[in-house]
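The analysis underlying the following values was restricted to heavy atoms, covering all of them including side chains, and did not include hydrogens, waters or symmetry mates. Below, read A as the first sequence line, B as the second, and so on, with proteins coming before strands; counting in each chain starts at 1.
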Amino acid sequence: MTDTQQMLAHDKRRKSINRFAIGSIKILSSLTVLILVVIIGYLAVRGLYKQERTQVSVLPLATAQRLGLSQTEIPFDIVANKRAEFRQVDWNMLREMAQGKIISLRRVTYVNENFFLYVDESIADEFARFLDLASDCLASGGIIVGSFRATVDGAAAHNGSIAIVPRNTASSSLPSALKTIAYEEHVLVVHPTVTQLYGNNMVGVLSDVQVDLLLSGEYSSWVQLHGGDIPVALVQEKTDSSVAREVAGIEGSVGVTTQKDVFRAGEQGFVTAVLQVNRIIRSPNLTFRYLVLPTQESGRFGGIGSIIINTFLMVFLTTLIAAPLGIAAAVYLVEYAKKGRLTSIIRSGIDVLASIPSIIFGLFGLLVFVQLLGWSFSLISGTLTVALMILPTIIRTSEEAIRSVEQRLREASIGMGATKMETIWRVVLPSALNGITTGIILAMGRAIGETAALLYTIGSSTAVATGLSSGSRVLALHIMLTINEGQSFDKAFASAFVLIVVVLIINTTARWMMNRASVKNKGKE
Amino acid sequence: MMAEVAMVPETEYVFDVHGLNLWYGSSHALKDVDMQIEKNSITAFIGPSGCGKSTFLRVLDRMNDLIDNVKITGSVLFDGRDVYVDYDPMDLRRKVGMVFQRPNPFPMSIYDNIAYGPRLHGRPPKSELDAIVEESLQRAVLWDEVKDRLNKSALSLSGGQQQRLCIARTLAINPEVVLMDEPTSALDPISTTKIEELMVELKAKYTIVIVTHNMQQASRISDNTAFFLIDSERCGYLVEYGETSGLFFNPRDKRTEDYISGKFG
Amino acid sequence: MMAEVAMVPETEYVFDVHGLNLWYGSSHALKDVDMQIEKNSITAFIGPSGCGKSTFLRVLDRMNDLIDNVKITGSVLFDGRDVYVDYDPMDLRRKVGMVFQRPNPFPMSIYDNIAYGPRLHGRPPKSELDAIVEESLQRAVLWDEVKDRLNKSALSLSGGQQQRLCIARTLAINPEVVLMDEPTSALDPISTTKIEELMVELKAKYTIVIVTHNMQQASRISDNTAFFLIDSERCGYLVEYGETSGLFFNPRDKRTEDYISGKFG
Amino acid sequence: QGNKEQAQKPVEVKNYTFGGSTTVAPIVETAIPLFTAANPGVKISYEGVGTGTGLKQLTAGTLTLAGASRDLNSTEIADGLVPNTIALDGLSVAVNKSVTVANLSLAQLAGIFSGEISNWSQVGGPNAAIALIVRDESSGTYASFKEIVLDTQKKAPSKNAIVAKENGELAAKIASTPNSIGYLGMAFNHIVTEAGGKVLLVDGIESTTANVLNGSYPISRNLYLVSKGPLAGGSVEKAFVDFILSDKGAAVVLDAQYIPLN
Amino acid sequence: MQLGLPRTNGVRSFKERSGRIILLLAALVSIATVLLITIFIFQQGVPVFGKVSVLDFLFSTKWLPTGNPPAYGILSFVWASFMVTALSLLFATPVALAVAVYLAEFAKGRRASILRSSIELLAGIPSIIYGLFGIAVIVPAIRNIFGGTGYSLLAAAIILAIMILPTIINISEVSIRAVNDELRYASVAMGATKWETISRVVLPAAKSGIFTSIILGLGRSVGETTAVLLVGGNAAIFARTPLDMGRTLTMNIITDMSYAEGTHLQSLFATAMLLFIVILVLNYIVVRVARHSRMED
Ligand SMILES: Nc1ncnc2c1ncn2[C@@H]1O[C@H](COP(=O)(O)OP(=O)(O)OP(=O)(O)O)[C@@H](O)[C@H]1O
Ligand SMILES: Nc1ncnc2c1ncn2[C@@H]1O[C@H](COP(=O)(O)OP(=O)(O)OP(=O)(O)O)[C@@H](O)[C@H]1O
Ligand SMILES: [Mg+2]
Ligand SMILES: [Mg+2]
Ligand SMILES: O=P([O-])([O-])[O-]
């Protein structure tokens, strides 16, 4: 009785172990899918959207509204060309523009466009007055002043431009290339002692939350913001006098005012400082323009258009070299190689080649193509290096495909008096085409993602390659260099998303071809 | 040996095999086979599985060349010249076509299947090629069935049609001999009958050699029959060879009789 | 159905199958099979290839569970309890062992092969395990041949020895029934004889069910024989079932007679 | 004036490959389109492969002009390479946004980068371990920083530091690693500041162009375009170097956030 | 010949012969490349041993290539490579085997094809993207869980583990599938559960294939450069725990390559040489295992 009980208990344990093990296997399998989904999902999110953080001296409009600050009525609207990626301007920026100090937008918006300011003549004077500039200053600064039409048409025609038009211009009267952008003016003005160094510390950049706390009187001393041990004194808005002037007189004081007020106080000899605040901007990351524009300054400006072209060039040339070699080698191995020493040496050569890390291929390419043959960092050096690297993939898949061509077809052809070569050319290769192509596509997928083998061979020039001897940066390498040279993580992710999409397309195609081939084969049986 | 050969009237026999031995590596597959194959006739090879029928057939057009480690001794004369000495195998195979057990059309269009051989052996202009294709298909009694879809894949045909296509493909290179290795064993009875009729028609123009497992088939269509057997060391040899009617209804050898009456095999 | 079953004396029959139908996907492989298998006897299944003998055998120990898309209706009682309802398959299989057509020893030592089952079903101490191994091998008449090399790989044995090892392995889990699917068809005549002798010996202690293509074997060793056939829709069914002597020498069914006399199959 | 003459002289029309330091790359890459616009037919590319490789390739002859962010060593000089100073580069010290410290003295920097100071509280910050981020030993940036900051205090650089292969990677890693500090070319400051981090004052001095030029900011180095042998009159290489030294070139240098010589 | 074969046949057999030679040459490209790689890497790397003893090179942790006097000890890098590789195998193998078993024994229909596609896609993702993902996700995760900067050998190992999953899964699956079904039936027929059958019969029978897959994964792991470079921290120190930063052999090569010269450069090629030898040894092991298992069958 106890025996059977024991046995039952044992059986129970076995069954629960079985359930547990199979459950674990299933969970771990799902984990693999999850990993892929997380990787691709993360790349998609980071590739498509970006969340930039910058430090500005003006309070973002949203913050100003939250704080209930009243907006100065300005006598004009500011409209920008949509492609300039302007979102807002402030008084200082407008002033510099009007003075002709900004000639390119790249430092402002990272769009590499020359800057143009168009002003409607009917409000030109008011505009100059608003900026505390002499009205003839506008004429000298390279600003284009004209009728309303000329102004908006000019701004619509130039990618990197801003136009100043009369207030409340109906959006219907604007060309579709233009949009109204926000004007920001409030700053946190403080007494100069606040921003001084105290020991090794200084008041840092304020976050949204810190601004709110500061203005609601939560901080009693600047020490709480890493500054000196000076009490915080809030200066409220005054109608009669300027906040900036007030602040300049009280140690440890802080107030909110307009940039213009600070400027004017400065003119009058009241020394103040402005606190920096953090701004977070969310915007689309990968845009169509980024895809097609040529790359400039090593990726800092422009898009990845030229890089994409280079990538396809590299992959095309690599395939052009590796595919015939690989297929020929596979044909030799299947159709001609006899069992013997030479064959086994060739086979182990392919195996070893397949397992050599790409960094070693890179060094080899550097030594042989770049240095010994003197081809420098060029498309051809990189292409040859990668071609050697993907050779084993092509050989192996082609070999398999050629091997799976039925012997009967070869016999039929030979039986009709064809030579072996004719048989291979006319019967075997066409029949194996699907499998061979699949292998080539897979190899292309490998080539397109390669970095280590290309880093010291293909060069880093971002221009479209004009010949085999020009250096040509490819996408995967561009991602690496974008990180290394620090253009930005967002750009790296945008490029990475493009790369992964291409790789996914390539792999899915290969898989689809493979499935089609196997369905076809089944159909034949 | 050459002396013996000279005595065979060339007009009568296309193949003349003397003292043929064949080894696959170290295993002796065929021993001392002598055989003369008559022109414009159907010769059938019968015998139990593994006795070397296919092997012998492949000797005739040197298809064994494709297999490693095959050793052949003895002489095989075709039209009086030694197949293994005087012929280039490609040349030989143009004159000695082969049809296989399982239909093996190329994975291309019907037209291209037939045109395959002619294109190999010269570059005939389109019009000539069209004529060859039509003629071959007609000879193989397939023309009417496929003339409207010459550009369709050959794999879309039924098994019997595929086999006739393979025969047509062989005829397109205009051979003197057509070797067939169990050409109907993978086919249904109706297709089989069609191909048997076709063979009988073809023998007016070609010499046909056929391997078959189907004794009825051999007795139905062949003029001469060769009976092969394996000995205790699994080595194939020719037991009896002669006119089909004689061999089937009046076998000289006891083993032949036993085999034909179904006692073994 | 239960009512009918209740009438069968439980001591006499181990298996009681009623109205069994089996489908592989949409193809109906077994139709309306009724069969009662006698205890401590040898029951043989015969019939042409594809008639469902193996399928039916696999019904008995639920090995068909491993195949997708199998649908089974009807009742299969083992020791009076429904195999598909009342038994856990692992439990059932411990009581109903199976030996396969091709010997399939595990790639481990002879000892471990035999010990595999006992180790699964409990953790017997070494001494007990040794005893089980020796006893099983002795029952399978293999002990003398392997006792000096129990730790050698089972793959080093000859085919016949491997098959006896597989039988011993099954005996080691102490089953009530041993199912054998053509257990000798991959073996030479001497090994076959040994295994036939072994089966006859074993029936004293076990119930044995065997599928065989070899009619002589069935008539030599079995007590009861079941003859299966396929109908025109390729669906297997039981033609005749009864005492072996009766079925072979006095078949009730014309088809059985034809099959036994070699008219088809 | 010199470069005006050069521009008028017909230069040989062909493709040129320059390359080398990635620090120098922004200057050269900005200059190339301007230069080639003035010299139609000339095509130039710059391969940012690093100072060492660039100089090696220059010696081997596959490059005809190499950017370098460090002084040439004796073997390179013996090989006949000639440095042409084209700009100054201030090295700034940057920290992650989690760091509240805003200034460090040279001595404190030496202490931090030698590993003697390992907690921010030792220099007036919060109690947090310092994460060092440095450049690889063979970079010009590393060599300059070591010479100016560590060698003068007779201290050896700590090895327990994240090593970044390039300035940009270093900046990105400072930006993303809490409590980290690292040094980098001034041109890369914006990467840190955009991510909320900050550039430290050194001895109370801000790392600005003006401060480097007037000598008050202590850490700076020369950037070079190196040629094989002295620049030959009439060559594109000479014309290019002259272009960068011209007024327009100075604008380019400034635009790339380096410091022109004049 | 004197019988006068048609000329065309001469042309055809010439084509045949020369075609064969061309094919042979193509087949020889691989082996020639391997030889050239060996020659060039060794030619550049071996001279370093004229200045540094092999023992100092391999067994010293002192790496001061630009120091005065310089030192070229790569033990820390060998150790980091070892640690990263071992860890990545430790993480990847159980998961990969589970997936391989699942694919070979359980998965059917849509689930199988989703899983299979996922593995193929994982295999196709370029290493630079793994690196980027590592910086953005793995490093902060480690930082949040374990403290420190997050840049660590652990981060590198996790990334590598994901990267070598497909290699181990694919080859293991093939070898698990290759196990004769009859063995499974035998086991099941004795009352074994599915898991007992898998663990006691199937996996042992597939062990040489599984071993091969792990070795190949190891090879990939030890040779990976780009991905580990971005997340490993790259500090030239001797890592005591996986949470320390470290520099692997490949990272060492790629970090200094663009600037190094003279003996320093040679020492990098010598590092590559060591890496190459490791790969060759792994290859040899795979060949031996394959031969051994073939003999066993
Ligand atoms: N390529 C080969 N290599 C080695 N042995 C072979 C080869 N082809 C055939 N054999 C052997 O030669 C013997 C004769 O084979 P062959 O195919 O000629 O027999 P067959 O009479 O055509 O048989 P079947 O009727 O089964 O087709 C057989 O024992 C076979 O195993
Ligand atoms: N796993 C399966 N899936 C689908 N159909 C199957 C499967 N196994 C067997 N069948 C089909 O079921 C029918 C009966 O097969 P079974 O193997 O039981 O026949 P058998 O009598 O044992 O034949 P043999 O004597 O050849 O072993 C056959 O038509 C077979 O094709
Ligand atoms: Mg045959
Ligand atoms: Mg069966
Ligand atoms: O300029 P470097 O890249 O050599 O520091």
Check A:R426 against B:M108 and note the closest heavy-atom contact, atom names and distance. O-CE, 3.6 Å

Heavy-atom cut-off 4.5 Å, strictly under: side chain, backbone, both or neither for B:R62 against chain A? neither

Side chain, backbone, both or neither: which part of B:P105 has a non-hydrogen atom closer than 4.5 Å to chain A? backbone

For B:F100, is it the side chain, the backbone, both, or neither that has a heavy atom closer than 4.5 Å to a heavy atom of chain A? side chain

Let me know if B:V96 has heavy atoms under 4.5 Å from chain A in its side chain, its backbone, both or neither. backbone

Honestly, the part of B:L120 sitting under 4.5 Å from a heavy atom of chain A is both

Closest non-hydrogen atoms of B:L66 and A:E411, given as atom of the first, atom of the second and distance, are CD1-CG, 4.5 Å

Would you indicate whether A:E400, at its atom CD, is surrounded by more than 12 heavy atoms from other residues, nucleotides or ligands within a distance under 6.0 Å? no

A:E406 side chain near B:N104 side chain, heavy-atom distance below 4.5 Å: no

Considering residues, nucleotides and ligands other than A:W425, do more than 12 of their heavy atoms fall under 6.0 Å from its CH2? no

Counting N and O atoms only, with roles assigned by atom type, does the side chain of B:R93 sit under 3.5 Å from a partner on the main chain of A:A418, one being a donor and the other an acceptor? no

With rounding to the nearest 0.5 Å, note down the distance linking CE in B:M90 to CD1 in A:I414. 9.0 Å

With chain A, the option among B:K95, B:R119, B:H121 that has the most non-hydrogen atom pairs under 4.5 Å is B:H121

Just wondering, are more than 12 heavy atoms of other shown residues or ligands nearer than 6.0 Å to NZ in B:K147? yes

Identify the two heavy atoms, one from A:V427 and one from B:Y116, that lie closest to each other, and give their separation to 0.1 Å. CG2-OH, 3.2 Å

Any A:L409 side-chain heavy atom under 4.5 Å of B:P107 side chain: yes

Which bit of A:K339 comes within less than 4.5 Å of chain B, counting heavy atoms only: side chain, backbone, both or neither? neither

Around atom CZ of A:F312, are there more than 12 heavy atoms of other residues, nucleotides or ligands at under 6.0 Å? no

Where do A:A412 and B:R169 come nearest, in terms of heavy atoms and distance? CB-NH2, 3.2 Å

Interatomic distance, CE@A:M416 vs CZ@B:R94, rounded to 0.5 Å, equals 11.0 Å

